[in-house]
Each structure stands twice: as structure tokens, then as C-alpha cells.
2 protein chains.
Amino acid sequence: MASIKDVAAEAGVSVATVSRVLNDHPSVSEDARTRVLTAVEALGYRPNAVARSLRTDQTHTLGLVISDVMNPYFTELARSVEEEARALGYSVIIGNADERPDLQDHHVRTLLDRRIDGLLVSPTDGGSPLMLGTARGGTPMVFVDRWIPGVDVPVVRADGRAAVRDLVAHLHGLGHRRLAIIAGPAATTTGSERIEAFREAMAEYGLPLPDAYIGQGDFQAESGRRVTEGFLDLPEPPEAVFATDNLMALGALDAIRARGLRVPDDIALAAFDDIRWFVHTDPPITAIAQPTGELGRAAVRALVDRIEGRTSRSVTLPARLVVRRSCGEAASSPKDLRSTT
Amino acid sequence: MASIKDVAAEAGVSVATVSRVLNDHPSVSEDARTRVLTAVEALGYRPNAVARSLRTDQTHTLGLVISDVMNPYFTELARSVEEEARALGYSVIIGNADERPDLQDHHVRTLLDRRIDGLLVSPTDGGSPLMLGTARGGTPMVFVDRWIPGVDVPVVRADGRAAVRDLVAHLHGLGHRRLAIIAGPAATTTGSERIEAFREAMAEYGLPLPDAYIGQGDFQAESGRRVTEGFLDLPEPPEAVFATDNLMALGALDAIRARGLRVPDDIALAAFDDIRWFVHTDPPITAIAQPTGELGRAAVRALVDRIEGRTSRSVTLPARLVVRRSCGEAASSPKDLRSTT
DNA sequence: GATCGGCATGGAATCGATTACATCCACGCG
DNA sequence: CGCGTGGATGTAATCGATTCCATGCCGATC
């Protein structure tokens, strides 16, 4: 592979001049510029990003550590992050933590070893020493979706509180009184926030929320199935189940099907995170939709602001309830049959 | 951030000795080793991967250029690639081409600029000059899922030919005679292979395949919708539609729903690529399943073999038909209600 | 006691870029 | 005509590692 030295030799100038042309420094003669560009073309020269990074201490790369790539919500997030980053001249390296703190640490470490310019994290847990150290240690960082309390890092997320209240209102309006929830890990902010919002909304409607109706999941499908089976085994099973993420909703659906029960006739189901497949499930699933793409883009903008020395602030966007048929009584208009992209 | 020089100073040895300890070179005294390790610990030193890469000309990084991350099939592929790579000591940088040749080229170029050790590609098209040049230029490379004919690069893929024949047999057995196909781009090998296999199978069963029943899609949901609308507008619409990827199947489902038609009563539907959501759609969709995880792992092994100087060969694994209810007449056993992971 | 082999270690070159500093030259002005 | 100014260019230091080569020392061998 041709190096800058080869280009310099070919063009009959020094490497400094080549470098100046490449970084369009003002003081280069027109003659030198064309000679260099011709040589670049002739040799098919491409600057070595590794060498450049070593010298400039910038990699133009962002790290994205995500809780679970197989979760369509995070896939979409990752996609929008990459798009916005590309638009701003950055590449993205994605690390999939698979909801495992050890894997999360592994990815943070290798990303730091690679000297990424900034880190976007959706933390799986309350914060390992490594994560906390990184946040304090000056690496530009932004939390997206989930965050770690007590750490001075901007957070870009959706607030589902109002939407959860709308959901409870919706269920209440349909006559459901015994509502159960499949919660996410308490160590995650989204996990605790969603159940808290649910609790408050239940209280608001004067509905009891017995412990038996609070199932502990881990944001993976299998836990949704397990918890739902527990609900169905109760002497008095709930009339509605609210899964706090889409994968657990999928697991819940599995469990309900396995018993030969029907949604929503036998039991209602709703989910946090709206994904396009929910339109096509049997029945279409009522869900709380986050502005996923906007979240990803805002997170990148906040991070790049930080990297490039500007200040950046936290961003909170609203989530909204999308009513479909899984809680009973179809919505009046047929609009919900459309995909929600 | 502490550098090797700081460690050397702290330990009272030269940088050479520090480097030897870190790369556990045999000839280092026990004394020096412990002094260095203590210093490393004390300073929280981590080697700078950028500098190391510049010197050794190895990044321990693989590039993965994928046609479309939002496609669950590729998401799963990416996940298994990352897992196997991690097990072998490599990181992965994913580039999402979004089925766009220009984006694909963009990612190949930036990956090469970063001097990745090897490239895994699922090409969107027949091969840009850049892609062909890279393949010829000695960068270790492996094609996965799709490939470019006439290029000397190992291919890791699934062979769907037998499964497509099984599908046609299945449809024929259910009494369907007018079968239509939503094909992928002819420029992709999977696109052309699938339609060819379908054609052969149709011939085998003595079924005609008029041009009107061959729709041209692009592996994205929207094209599946458009093509299916065309089918439904025909004076004699098909009795069954075979979408050659999961997103186009989703689009087809949209189109069918929009007309108020029902699957499989009014029209049968089958898809290439089995994804876990197909179990939960209304109705569950009959699909051809690829051994996705195994493909990803095999591809990484082949690539790493190449990188590390061993020889590597192409791998072809079989795909298989998973019968559900979308083509009519439920399968006899209820086994298909399980998730296929 | 001189020579030799081998181990531990340090000095310095190197990878491919960027960039501070020095140099040179042309031009304009007093 | 001499000097200052500024633009174009080259030399060399630098980033943080790895690694070749030279050196010094120790014990073994003759």
C-alpha cells in the first residue's frame, strides 16, 4: 500500500507538502497541488487512518455500546446513530452487551483502547467501576435510552410517563381492572422508571397493584414467557399484562399461546417499544412508541458537540401510546393497520 | 492517558523492557516483570491500540459490510459474526449498506482506510470497481450470504435450492397452482438464485410461471407491498405468493391486509428467511430457514484462517422449509408454534 | 585465567502521518 | 539598493508502540 512518502517521491515534493495538499492547507502553490493530486491518483493512495490518528489523537470514531442488538428497538437506534454520525464525518463501532455487564465492560475497554473520540452508552446495569471511571475520566460520553444516575453525563431519552398513564387509562376504559406488569431489571433506569410510572398511574385510577402482579424480567423474551406463565398460574390471573419491552411482550405472547388462550379475549397485552412487527402479530399489539430515530440522532449530535468542544445538554423526547387490538375493542379507525416506521 | 514511557519511568526500566513484559517475551527477569506490572497497575496503563497497529500493521479488527441491518436476518448474522470474532480475539466494525451500492463503497473505503485485517461482505450489487479491486488487491476477504461471481474469494452461504423445491411441493400439495414470486435484485446472487430455483421447481411440477407472476423487488418491505398490489390487480391473481426475503413478505402482508383479504384463505404467502416474528404473525408464516448463526461463525473462521495465513475454503450449508399456516391447511403437529431461534 | 554462550537490558530505528520551525525567494517600499 | 514581509517549501520532531542490534554480565568450559 502506497504511503505518503511514495506520493512525495512520485510528485517530486516533500511529505510535508503532500500532507498540506491533503489537508488543504492554504499555502501550497497551484503547481505543487496538481502534481501531488496527480501522484495520489496514479498510486491510488489513501491516507492511513491509523497513522493519522496516532499523530492527531483523533480517530473520528464513536463507540456505541448497546444493551442488545437483537432487540429491534436497539437495532433501529444503532442505525440512526450510524446515519447521523456518518453525516457528521464520524464512523461508529457498535458493541453488543447482550444485557451482560461483563460484556459491556469488555466493549468499553476495547473501545477505549482504540481511542474512540466519544462513547454512546445504553447501560445494562448501574455502572461498573470501569464505566464510572470512564465517565469521570474525561472521555466524551452520552447516555442514550438508559442512564446511570449520579453521573455527570448528558442523557438522551424518551419519557414514557405520560404514555404509560395513557395506557392505563386505555385499559381501564376497556374495563380491565386487574393489570399486571412485566418489569425490566431494577438496575436499569428504563426498568425502574416504567414500573414507577405504571404504579403511579394505577394509583391514580384507584387500581390495586399486588406484588403477585409484578413480574421481574430482564428485557429478554424468555423472561417474558416465564413471568407470564407465573401470572397465568395465579388463582386469579390478571386481565391485562403490560410488558415493559418488546421482547418480553413476545415471550408473553408465546406463553399465552402455549396455554391455548387468546389475546385479547382471554387476556389483554400491551408493550413498551413499538416495532413494525407489532402491526402484523395476531392480534396487532398496542404499544408505547418512542421516537427512536430522533433519539439516535440527538444523541450523536450531543456527543459530537461535546467532542468538538461545544457544550451539550440532555434531551428528553415524549413517547406516545399507539392503540391496536391486543387490549380488546378495536380502535374505531383502521389507521393502526399501517406500519409505523 | 499514561503511555508506555510513563510506565517505564515508574518501573525504572526502558520502554523496551515494558513492551517485552506486555507481549510476554521470554527473556525478562522476574524482578523486572513484577516492577513493570506494578507500574502498569498503579498508572492504570492500557496500551494504545492505534500505536500498536501502526507498528505491527495489524488492527485485530474485521470489517463487516452488510446489506441492511434492519433486516432481522442480517442482524442475527452480524451478531453471530461479532461473537465468533470476539472469541478469536478480533473486533468487528459493521457497515450498513442499506442495499445502496454507493453506501457500500463508502464503508469499504473507510474500513480499508482503517486498515482492518479482513473484510466480510454481503454484496448489494454485482461489484463496484472498488470492491473488485479490493478482492484482487490482497485484502483478506470472504463473502457471506451473497457473493460476486468470478471473483476468487471464499463464499459462506446457505443453499436454498432444495428448500425452495420443498416449498413448491408443499404449495402444490395444498392444491395451489398459480404461484407467484417476489424476486430480489438480479444483481445479487441470492436474488437470482432464488428465482432460478423457483423456476426449476415449478417446471418440475409442470406449473407455468407467466411473467406477470414474477415481480421485481429490492429486498425491502415497500417493494413487497408494491409488487403484491400488482399481483392482486391482475385479472387472475395468483393463489400463492413467495417472497424471497422476510421484509418483502412483510410488505406483501401489508398489501394483502390493505385489500381486506385474508391469509391463507384468500391467498397463500411464504417467505425466504425465517425470523422469530413469523411465529407470531397472523397467521404464522411458512418460511425457508437458514442456519444464520452457523453461517456467521463459519464466515469468521474462514476469514481469520485467511488472515492468519492458513487456507480457507467456501462453505455451503443447507436451508430448510419450516411449514406454518400461511399457505393453508395447518401442519398436523403444533410444533411450529415454538420460536425458531 | 581467557574465551564463549546466553540471558537481561537499553538505545535507537521504525511504522505513516502532522506540524513547528527554518529557509529561501520574490516583491514592495523607503 | 537594502531590508522587511510573506508565501512556498523542506527538515525534523513527534505521536506510542515494537523490535533489531549492541552491550554488559554471569557462569561454564578448556
Side-chain angles (χ1 to χ4, degrees), chain A residues 1-40 43-61 89 91 109-117, chain B residues 1-40 43-61 89 91 109-117:
Chain A
M1 199 132 237
S3 82
I4 196 172
K5 245 182 256 171
D6 303 317
V7 175
E10 172 85 11
V13 297
S14 73
V15 293
T17 301
V18 176
S19 177
R20 288 195 191 95
V21 171
L22 264 36
N23 297 285
D24 42 41
H25 183 96
S27 85
V28 183
S29 70
E30 203 45 50
D31 173 58
R33 172 180 316 295
T34 58
R35 291 231 304 287
V36 167
L37 293 178
T38 312
V40 164
L43 298 174
Y45 168 76
R46 298 244 79 210
N48 182 329
V50 174
R52 191 197 293 252
S53 294
L54 177 60
R55 185 60 235 256
T56 62
D57 205 33
Q58 294 184 32
T59 51
H60 276 276
T61 302
S91 298
R109 207 183 318 273
T110 57
L111 289 169
L112 291 178
D113 285 354
R114 274 152 204 270
R115 301 301 194 264
I116 42 126
D117 292 340
Chain B
M1 198 131 238
S3 83
I4 196 171
K5 245 182 253 170
D6 305 316
V7 175
E10 172 86 10
V13 297
S14 71
V15 293
T17 300
V18 176
S19 176
R20 281 192 272 260
V21 171
L22 264 35
N23 298 284
D24 43 39
H25 184 97
S27 87
V28 183
S29 70
E30 203 46 48
D31 173 57
R33 173 182 315 292
T34 58
R35 291 232 304 288
V36 167
L37 292 178
T38 312
V40 164
L43 299 174
Y45 168 77
R46 297 244 79 210
N48 182 328
V50 174
R52 193 197 291 253
S53 293
L54 177 60
R55 186 60 236 252
T56 62
D57 205 34
Q58 294 184 30
T59 51
H60 276 276
T61 303
S91 298
R109 208 185 317 273
T110 57
L111 289 169
L112 292 177
D113 284 354
R114 275 153 203 269
R115 302 300 194 264
I116 43 129
D117 292 341

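All heavy atoms count here, side chains included; hydrogens, waters and symmetry mates do not. Below, chain A is the first sequence line, B the second, and so on; all start at residue 1.
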Comparing T17(B) with A51(B), nearest DNA chain D nucleotide closer to 5' gives the residue A51(B)
Distance in angstrom units between [X] [atom1] and [N] [atom2], rounded:
X: R20(A); N: dC21(C); atom1: CZ; atom2: P; result: 13 Å
X: R55(A); N: dT14(D); atom1: CZ; atom2: C1'; result: 5 Å
X: R35(B); N: dA8(C); atom1: CZ; atom2: P; result: 14 Å
X: D31(B); N: dG10(C); atom1: CG; atom2: P; result: 11 Å
X: M1(B); N: dA17(D); atom1: CE; atom2: P; result: 10 Å

Phosphate oxygens OP1/OP2 of [N]: is one of them under 4.0 Å from a side-chain N or O of [X]?
X: R52(A); N: dG16(C); answer: no
X: S29(B); N: dT9(C); answer: yes
X: S14(B); N: dG11(C); answer: no
X: S27(A); N: dG7(D); answer: no

So what does [X] hit on the nucleic acid, given a heavy-atom distance under 4.0 Å: a base, only sugar-phosphate, or nothing?
X: A32(A); result: sugar-phosphate
X: T56(A); result: sugar-phosphate
X: N23(B); result: sugar-phosphate
X: V13(A); result: sugar-phosphate

Among the nucleotides dC15(C), dG16(C), dA12(C), which one has an atom lying closest to any side-chain atom of I4(A)?
dG16(C)
Look at the side chain of A16(B) and decide which nucleotide, out of dA17(D), dG16(C), dG11(C), has an atom nearest to it.
dG11(C)
With a 4.0 Å cut-off on N to O distance, would you call R35(A) and D31(A) a salt bridge?
yes
When you measure from the side chain of N23(B) to the backbone N and O of H25(B), does any donor-acceptor pair fall under 3.5 Å?
no
Has S53(B) got a side-chain atom pairing as donor or acceptor with A49(B)'s backbone, closer than 3.5 angstrom?
yes
If you find the nucleotide of DNA chain C closest to L22(A) and the one closest to G12(B), which residue's nucleotide is nearer the 5' end?
G12(B)
